[in-house]
Peer 1: 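Structure incoming, see below.
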2 protein chains.
Amino acid sequence: MAAAIALSSRGRGRTAPNPNVGCVIVRDGRIVSRGWTQPGGRPHAEAMALAGVDATGADFFVTLEPCAHQSERGPACADLLAEAAPARIIVAATDPDPRTNGGGLARLRDAGIPVVTNILADEARRVMAGFFTRQSKGRPHVTLKLATSLDGQVALPDGSSQWITGPEARAHAHVERAMADMIVVGRGTVEADKPTLDVRVDGLEDRTPARAVLTRNFAKLQLQADKPVWQHLDSPDAIAGLEAVDHVLVEGGAGAAAAFLAAGLVDRLLLYRAPILIGSGLSALGDIGLAQLDDAHGQWRLMETRMLGKDRLEVYERA
Amino acid sequence: MAAAIALSSRGRGRTAPNPNVGCVIVRDGRIVSRGWTQPGGRPHAEAMALAGVDATGADFFVTLEPCAHQSERGPACADLLAEAAPARIIVAATDPDPRTNGGGLARLRDAGIPVVTNILADEARRVMAGFFTRQSKGRPHVTLKLATSLDGQVALPDGSSQWITGPEARAHAHVERAMADMIVVGRGTVEADKPTLDVRVDGLEDRTPARAVLTRNFAKLQLQADKPVWQHLDSPDAIAGLEAVDHVLVEGGAGAAAAFLAAGLVDRLLLYRAPILIGSGLSALGDIGLAQLDDAHGQWRLMETRMLGKDRLEVYERA
């Protein structure tokens with residue numbers, strides 16, 4: 001299942017509104033086939049893994065309950081799998097989509113195939129966070145990235161921020177970009193830094209996501225003619241209306257980051273910290289609407305921490 | 001030797017200008033006696049360990065080269081040890097004090113006692129950092145403590161900072177106070193917070209160090225009549241002239257912390273970080289005189305990191 005989850009991450013940022021599923025087919029303890037949801041959301045992971053493979057009597061590991069609903073773009077995965085007649089189907093997370101929601105498992109069991117569920121379910125939901133957040137909250141999953149000094153500054157007073165973190169941390173942040181459907185920055189960042197926000201990692205250049213700027217005055221925004229096409233968000237809440245965007249990465253500046261936090265729309269915090277002190281400079285966040293310290297506690301849970309070169313990455317999720 | 005180093009930490013903050021040495025006497029693989037430098041700097045650790053013990057033929061572990069200079073307050077430890085006739089003497093760090101500086105080792109070797117040196121020397125020097133910094137730089141060793149949110153803030157805009165970190169982190173910070181000879185805060189902290197800066201840990205209440213305020217206008221300082229006696233520092237450089245102060249702990253606020261950093265007078269950084277976001281508030285540091293980002297890099301090395309309840313402690317030292 002861990003292998004299936006790793007495969008599912010390949011589709012992250014490219015399959016919305018479909019979930020980025022991964023699966024493997026195992027016979028005699030060996031993986032004989034694998035699949036993951038393709039860009040645009042089809043074919044589904046199960047169809048990819050089953051293509052040209054005889055799965056009869058094999059074990060089928062899939063990160064999400066196979067879908068029970070047929071669409072114009074393909075048959076229901078539960079039907080495909082029932083026909084393939086594997087020995088067992090092992091599922092990480094059940095599908096909250098009302099069109100499936102247990103129906104896929106029921107169809108497989110009706111076909112006489114043993115089904116095991118809830119294997120590494122949390123890990124699977126984490127990699128398919130966009131799909132699950134869309135289902136539960138009706139909006140994309142939002143990651144906020146901050147790259148700070150030890151004292152929480154993101155730039156010198158003159159705005160210079162190249163570089164706070166080292167090449168390893170910056171490469172990691174580019175891979176995070178590749179796993180987002182859309183990057184959002186604030187107006188000040190667009191005007192001051194003129195960022196391209198592209199994915200500058202060998203082999204992932206084509207994974208640059210859509211780009212949006214958060215501003216109430218899009219018409220006044222100074223955009224460079226030869227630069228990327230910018231979509232426009234009036235407010236953080238506007239992410240709910242985006243089509244084919246399930247994973248949003250907010251990259252700053254302090255105002256945009258604070259706006260998403262104040263709106264309660266940050267699910268995950270990526271904190272890259274360099275072992276430097278800046279002193280008076282630009283702080284990572286603007287006003288997030290905190291009235292008293294008590295309210296700040298219990299909001300974030302540390303999920304992962306690791307060194308990236310000399311910098312430390314910490315990943316927090318909403319508690 | 002690790003046991004001797006642990007013992008040496010008991011004297012930290014109470015033995016200046018003498019080093020806080022620790023030692024153990026080992027016979028047949030068992031510790032038969034132990035000692036550490038007593039408050040005020042005398043008796044020395046070696047004399048404490050040897051008192052009432054026959055060390056003939058035993059192994060003697062000591063964190064610092066035994067002193068070679070006799071004083072009015074006691075004989076040279078090298079002579080004491082030579083008389084005790086141990087089988088071997090194992091030393092962590094040699095003594096940079098020009099009155100000893102190899103002379104203690106030479107006297108022991110002249111007495112026919114085998115001497116082993118450089119065992120856990122870095123660890124020993126770290127615990128006796130005040131003495132070594134005084135010897136090498138002519139000033140106390142300075143630790144700067146910061147307690148921040150993930151975004152580097154130390155208080156809300158109205159100054160409220162109770163509490164950012166939890167009870168485990170605050171208890172740890174009180175033990176750090178107990179291991180300092182002096183705590184320094186800025187004028188704003190004295191006037192706004194009216195801190196007592198005492199050690200509020202069971203069993204360590206009597207370890208509250210001297211307290212100083214950093215200000216150019218000591219005469220104008222608003223002090224409470226019933227509060228602790230405050231010493232006065234005109235500038236960070238004034239620490240060099242303090243008597244019997246080898247370990248200084250700077251506790252803030254942002255201005256005092258920045259003044260010590262700008263003066264290049266911080267040797268060690270204690271960073272307590274709570275898993276909270278504050279947003280716009282009070283930053284940990286004022287202007288530290290950083291002209292460009294390049295200059296900020298390579299200054300700090302992570303020595304230790306651990307969880308204290310929900311908070312994380314990071315200890316950095318000057319690279």
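If you're wondering where the values come from, they're calculated on a predicted model, not measured in any experiment.
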Peer 1: Just give me the residue among A:Arg273, A:Gln299, A:Arg312 that pairs up with chain B most often, heavy atom to heavy atom, under 4.5 Å.
Peer 2: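 So the answer, after comparing A:Arg273, A:Gln299, A:Arg312, is A:Arg273.
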
Peer 1: Counting heavy-atom pairs closer than 4.5 Å to chain B, which one of A:Leu285, A:Thr305, A:Val154, A:Leu271 comes out on top?
Peer 2: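 Option with the greatest count: A:Leu285.
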
Peer 1: What part of B:Leu269 gets closer than 4.5 Å to chain A, counting heavy atoms only: side chain, backbone, both or neither?
Peer 2: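 When you check distances to chain A, only side chain atoms of B:Leu269 fall under 4.5 Å.
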
Peer 1: When heavy-atom pairs shorter than 4.5 Å are enumerated against chain B, which of A:Gln292, A:Gln162, A:Glu314, A:Arg301 gives the highest number?
Peer 2: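 Most heavy-atom pairs within the cutoff with chain B belong to A:Glu314.
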
Peer 1: Would you say that A:Leu293 contacts B:Trp163 through its side chain, given a criterion of any heavy-atom pair below 4.5 Å between the two side chains?
Peer 2: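 No - every pair of side-chain heavy atoms lies 4.5 Å or more apart.
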
Peer 1: Tell me, for A:Leu277 versus chain B, whether the close heavy atoms (under 4.5 Å) come from the side chain, the backbone, both or neither.
Peer 2: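 For A:Leu277, heavy atoms of backbone and side chain both lie under 4.5 Å from chain B.
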
Peer 1: Among B:Gly286, B:Ala254, B:Ala284, B:Ser161, which has the most heavy-atom pairs under 4.5 Å with chain A?
Peer 2: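 Answer, by heavy-atom pair count under 4.5 Å with chain A: B:Gly286.
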
Peer 1: Counting heavy-atom pairs closer than 4.5 Å to chain B, which one of A:Leu150, A:Leu156, A:Asp287 comes out on top?
Peer 2: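 Most heavy-atom pairs within the cutoff with chain B belong to A:Leu150.
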
Peer 1: Using a heavy-atom distance cut-off of less than 4.5 Å, which residues of residues 129-142 of chain A contact chain B?
Peer 2: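 Under the 4.5 Å heavy-atom cut-off, nothing qualifies.
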
Peer 1: For B:Ile278, is it the side chain, the backbone, both or neither that has a heavy atom under 4.5 Å from a heavy atom of chain A?
Peer 2: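 For B:Ile278, backbone and side chain are both near chain A.
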
Peer 1: Just verifying a value: how many Å separate B:Leu290 CG and A:Ser280 OG, rounded to the nearest 0.5 Å?
Peer 2: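 It is 8.5 Å, given to the nearest 0.5 Å.
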
Peer 1: Which region of B:Ile164, side chain (C-beta onward) or backbone (N, CA, C, O), has a non-hydrogen atom less than 4.5 Å from a non-hydrogen atom of chain A, or is it both or neither?
Peer 2: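 Contact with chain A is through both the backbone and side chain of B:Ile164.
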
Peer 1: Flag the one option from A:Ile276, A:Thr148, A:Asp294 with the top tally of heavy-atom pairs under 4.5 Å to chain B.
Peer 2: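 Most heavy-atom pairs within the cutoff with chain B belong to A:Ile276.
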
Peer 1: Which atom pair, heavy atoms only, marks the closest approach of B:Trp300 to A:Pro275?
Peer 2: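 Distance-wise, the nearest heavy atoms are CB-O, 3.8 Å.
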
Peer 1: Could you go step by step and tell me if B:Lys310 and A:His297 meet the side chain to side chain contact (heavy atoms under 4.5 Å, CB included) rule?
Peer 2: CA-CA 10 Å; B:Lys310 292 180 179 171; A:His297 288 277; over 6 Å; no

Peer 1: Given a strict heavy-atom distance threshold of 4.5 Å, which part of B:Ala257 is in contact with chain A: side chain, backbone, both, or neither?
Peer 2: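 Neither; nothing under 4.5 Å.
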
Peer 1: If you count heavy atoms of other groups shown closer than 6.0 angstrom to CZ of B:Arg216, is the number above 12?
Peer 2: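 Count not over threshold, so no.
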
Peer 1: Which bit of B:Ser149 comes within less than 4.5 Å of chain A, counting heavy atoms only: side chain, backbone, both or neither?
Peer 2: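 Contact with chain A is absent: no heavy atom of B:Ser149 under 4.5 Å.
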
